[in-house]
Number of protein chains: 2
Amino acid sequence: MRSIMQKVEVLKTIAHPVRIRILEELLKGVKCVSDFEDFLEISQPNVSQHLSLLRRQGLIDHYMDGRLRCYFLKDPIIPDLLEILKKDYIEELPAPACCPVTKKGTYPGTRHR
Amino acid sequence: MRSIMQKVEVLKTIAHPVRIRILEELLKGVKCVSDFEDFLEISQPNVSQHLSLLRRQGLIDHYMDGRLRCYFLKDPIIPDLLEILKKDYIEELPAPACCPVTKKGTYPGTRHR
DNA sequence: TGCAAATATAATAATATTTGCATATATTAA
DNA sequence: TTAATATATGCAAATATTATTATATTTGCA
């Protein structure tokens, strides 16, 4: 099981527009740095920076393909997370029945919304 | 569908040790502020701060129960995300066959690991 | 009415993150 | 060997996040 801090690390690592797009792209298959450079329209050093953060966190890995570096997904949590983020949720969660007992005792409650 | 930026917002909001613990606790049921104060052993303003961020992002909501504020989960993505974070993954993802064609052409590749 | 409990808000200070830019390194091709 | 391509690294400026302290608001009750 991941510790709380490991969970936080994974989430923080993914929580960036460029990195989400990199991961979504890697879900489709292997890509090299210059592929991302075109696709994301950001500078090469910036692409490398994001890739190397993702790699440090163990979320992706790469192999050498001549002079290209081919990146691919490594941590199995990624496809699952991306799928949930893509999913359409229609309904909110059911609001709990009013009013469960809390530490301080129960009062007649009025719903906020 | 959530936009990229909405995905980033959700992830960033969850990516904090205190907020993960708040959400995990709310998964079990309704809790009021002072419950969290004891449970998390942080100051009341700090609890309120995290709760109000979670509420601003639409992840939780509350109702009044006398002078208590009872918080509960609202966004249905939360239980799904928490479940995935809890899950134990044994194996890494299978490494892709070496070497798919990339934009720049294919070279005889050597695996990095 | 007025007080106390529960909670929220605001301002601040400390810290962490992100970004852009310049430069360094490594490999290959000519 | 040199030029070109691919990638990595270091650093400073801009920005964001966090915890803390002080203060405000709301509610129930005496």
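So that the names make sense, note that chain A is the first sequence line, chain B the second, and so on, each numbered from 1.
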Using a heavy-atom cut-off of under 4.0 Å over every strand shown, decide if A/Tyr71 touches base, sugar-phosphate, or nothing. sugar-phosphate

Hey, can you pull the donor-acceptor pairs under 3.5 Å for the side chains in residues 40-47 of chain B, sequence neighbours left out?
residue, atom, partner, partner atom, Å
B/Ser43, OG, B/Asn46, N, 3.3
B/Gln44, NE2, B/Ser48, OG, 3.1
B/Asn46, OD1, B/His50, NE2, 3.2

May I ask you to evaluate whether A/Asn46 reaches the phosphate of C/dG20, defined as a side-chain N or O under 4.0 Å from OP1 or OP2? yes

Can you tell me if B/Ser48 touches the phosphate of C/dA8, counting only side-chain N or O atoms and a distance under 4.0 Å to OP1 or OP2? yes

Any side-chain N or O of B/Arg19 under 4.0 Å from OP1/OP2 of D/dT18? yes

Selected nucleotide, minimal atom distance to B/Arg55 side chain, candidates D/dT7, C/dT7, C/dT9: C/dT9

On a heavy-atom basis, which atom in A/Tyr89 and which in B/Asp80 lie closest, and how many Å separate them? OH-OD2, 2.5 Å

Starting from the first five and the last five pairs of the helix from C/dT1-D/dA30 to C/dA30-D/dT1, work out the angle between the resulting helix axes, to 10 degrees. 20°

With clusters defined by side-chain heavy atoms of hydrophobic residues (ILVMFWY) lying less than 4.5 Å apart, directly or transitively, does B/Leu93 cluster with A/Ile14? yes

What is the distance from NE2 of B/His50 to P of D/dT20, rounded to the nearest Å? 10 Å

Which nucleotide in C/dT9, C/dT7, C/dA8 has an atom nearest any side-chain atom of B/Ser52: C/dT9

Distances for protein N or O near nucleotides 10-16 of chain C N or O, under 3.5 Å:
none

